[in-house]
2 protein chains.
Amino acid sequence: MSSQKTREQIVEAADQLFYRQGYEHTSFSDIAGAVKISRGNFYYHFKTKDEILDAVIAQRLKNTRAMLDQWEADGATPAERITCFIKILITNQSKIMAYGCPVGTLTGELAKLGHPAQSDAGRLFTLFREWLAEQFTALGRKADADQLAMHLLSRSQGAATLANAFHDEAFVTSEVDKMCAWLDGVISTEH
Amino acid sequence: MSSQKTREQIVEAADQLFYRQGYEHTSFSDIAGAVKISRGNFYYHFKTKDEILDAVIAQRLKNTRAMLDQWEADGATPAERITCFIKILITNQSKIMAYGCPVGTLTGELAKLGHPAQSDAGRLFTLFREWLAEQFTALGRKADADQLAMHLLSRSQGAATLANAFHDEAFVTSEVDKMCAWLDGVISTEH
DNA sequence: AACCTTATAGGACAATCGTCCTAAAAGAGA
DNA sequence: TCTCTTTTAGGACGATTGTCCTATAAGGTT
């Protein structure tokens with residue numbers, strides 16, 4: 001098998017496991033078991049665990065960018081795009097209730113570990129932040145676009161955290177509705 | 001030294017370390033080093049690491065209850081009490097920016113570990129939830145008290161998560177102001 | 001077939017983990 | 001002071017961790 005293919009499988013398996021079990025709690029053996037390769041062979045593709053983490057973060061950045069690009073390519077209005085963001089909570093509801101938000105939980109864990117990749121993981125948040133700010137700017141809210149973006153990001157994070165803690169489906173729906181209503185308010189506000 | 005005293009020191013040190021480094025990333029050696037007792041002596045006070053976690057959660061529940069009781073004893077109005085809750089973000093700002101919310105991060109970590117103490121940690125959230133619901137009920141919002149409580153809890157969690165991710169002091173202030181404004185809206189709403 | 005690069009398996013390694021045992025020190029009561 | 005309980009220190013234990021080495025297998029090219 002080509003080296004590239006195996007590498008991708010490792011990154012994919014690590015991505016899932018880091019999300020489900022956390023970075024620290026996932027061992028080389030776990031990943032090797034998931035990909036069904038020997039633990040020793042690992043070293044050929046990645047020298048350290050940190051290198052895998054870097055690759056996972058890079059993949060998540062790439063996937064997220066692709067998702068955001070897709071939303072723009074669909075010819076939707078900025079408001080509809082923001083609604084897409086809000087509704088990730090519903091699209092990924094079962095995963096979020098089980099494991100939380102992939103971005104928030106990874107960032108939080110790396111912060112506690114004092115891990116060097118902390119800032120790289122933070123770029124995942126920044127990606128959403130800047131994309132949302134662009135959409136709010138397109139809505140004519142250039143002046144406070146970043147603040148609106150951070151506020152929405154914050155609401156979404158909180159909903160994900162509590163969804164994970166309480167496993168409450170109705171709560172997620174309720175919060176999504178509230179965020180959509182808030183968005184309507186933002187749009188209709190005179191400036 | 002009495003056994004009770006040492007035990008309390010262990011729980012206190014473990015509490016701090018679990019908050020700063022996470023549960024899994026904190027070893028017996030870390031705690032023993034902080035309390036300045038031998039690693040072996042640990043076993044006399046706690047048989048397993050899980051037992052320490054249980055004790056830490058119990059202490060946090062006790063401290064939180066004491067804090068909430070204090071707010072009620074101060075003779076404040078329900079609205080003022082809720083404001084106290086919102087302003088925890090400012091009171092503990094530096095810690096939250098460095099380590100996140102003690103409740104949210106612990107709950108999230110235990111969820112990923114699939115740890116049996118998960119539900120115990122969840123009681124920390126429930127404690128805030130029910131207390132907030134009581135305050136909203138006292139404000140005459142008995143019908144949707146729990147939903148309002150969950151919403152505020154969610155907003156607070158999101159703000160803590162992003163404060164930790166971005167280390168942005170102005171953002172915290174801004175979100176606290178928004179929550180206070182939201183509370184004003186809840187109070188003045190006709191029902 | 002022969003050859004050379006690429007990829008793999010298996011295990012060695014030092015360190016650290018949570019757990020547990022045991023002998024000695026400290027303290028209390030007679 | 002003698003005795004008995006409580007508390008402590010130190011280390012052994014098996015397992016697991018991330019890292020790294022080496023011999024072998026696989027694949028492609030000539």
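In what follows, every chain begins at residue 1, and chains take the letters A, B, ... in the order their sequences are listed. Heavy-atom basis, side chains included; hydrogens, waters and symmetry copies ignored.
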Asks: Does B/Arg123 have any side-chain hydrogen bond (donor to acceptor under 3.5 Å, both in side chains) partners at least two apart in sequence or in another chain, and if so, which?
Replies: none
Asks: Could you give all pairs that pass the ring pair (Phe, Tyr, Trp, His ring centres under 6.0 Å) test and reach residues 48-72 of chain B, with sequence neighbours left out?
Replies: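 For residues 48-72 of chain B: B/Trp71-B/Trp131.
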Asks: Filter on ring pair (Phe, Tyr, Trp, His ring centres under 6.0 Å), then keep only pairs touching residues 34-56 of chain A, sequence neighbours left out; what's left?
Replies: A/Phe28-A/Phe42
Asks: Measure from CD on B/Gln4 to C1' on D/dT7 and round the result to the nearest Å.
Replies: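 Atom CD in B/Gln4 sits about 14 Å away from atom C1' in D/dT7.
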Asks: Name all residues meeting the side-chain hydrogen bond (donor to acceptor under 3.5 Å, both in side chains) criterion together with A/Glu169; count only those two or more places apart in sequence or in a different chain, and write none if there are none.
Replies: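 Applying side-chain hydrogen bond (donor to acceptor under 3.5 Å, both in side chains) to A/Glu169 gives none.
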Asks: Check this one for me: any side-chain N or O of A/Ser3 less than 4.0 Å away from OP1 or OP2 of C/dT6?
Replies: no
Asks: I want to know whether B/Phe85 and B/Phe128 have ring centres closer than 6.0 Å.
Replies: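 Under 6.0 Å, so yes.
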Asks: It should be established whether B/Thr6 places a side-chain nitrogen or oxygen under 4.0 Å from OP1 or OP2 of nucleotide D/dT8.
Replies: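 Result: yes.
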Asks: Taking side-chain contact (heavy atoms from CB on, under 4.5 Å) as the definition, give me every residue that meets it alongside B/Ser27, ordered by chain and number, with sequence neighbours left out.
Replies: B/Ser29, B/Asp30
Asks: Can you name the side-chain contact (heavy atoms from CB on, under 4.5 Å) partners of B/Glu12, sequence neighbours left out?
Replies: B/Gln16, B/Gln59
Asks: Round to the nearest Å and state the distance from A/Lys5 atom NZ to C/dT6 atom C1'.
Replies: 17 Å
Asks: Just to verify, what does A/Asp50 make a side-chain hydrogen bond (donor to acceptor under 3.5 Å, both in side chains) with, not counting sequence neighbours?
Replies: A/Tyr23, A/His115
Asks: When you measure from every atom of DNA chain C, which of residues 38-53 of chain B have a heavy atom less than 4.0 Å away?
Replies: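 Here the set is B/Arg39, B/Gly40, B/Tyr43, B/Thr48, B/Lys49.
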Asks: Check each residue of residues 13-30 of chain B for a non-hydrogen atom within less than 4.0 Å of any atom in DNA chain D, then write out the ones that pass by number, or none.
Replies: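 The answer is none.
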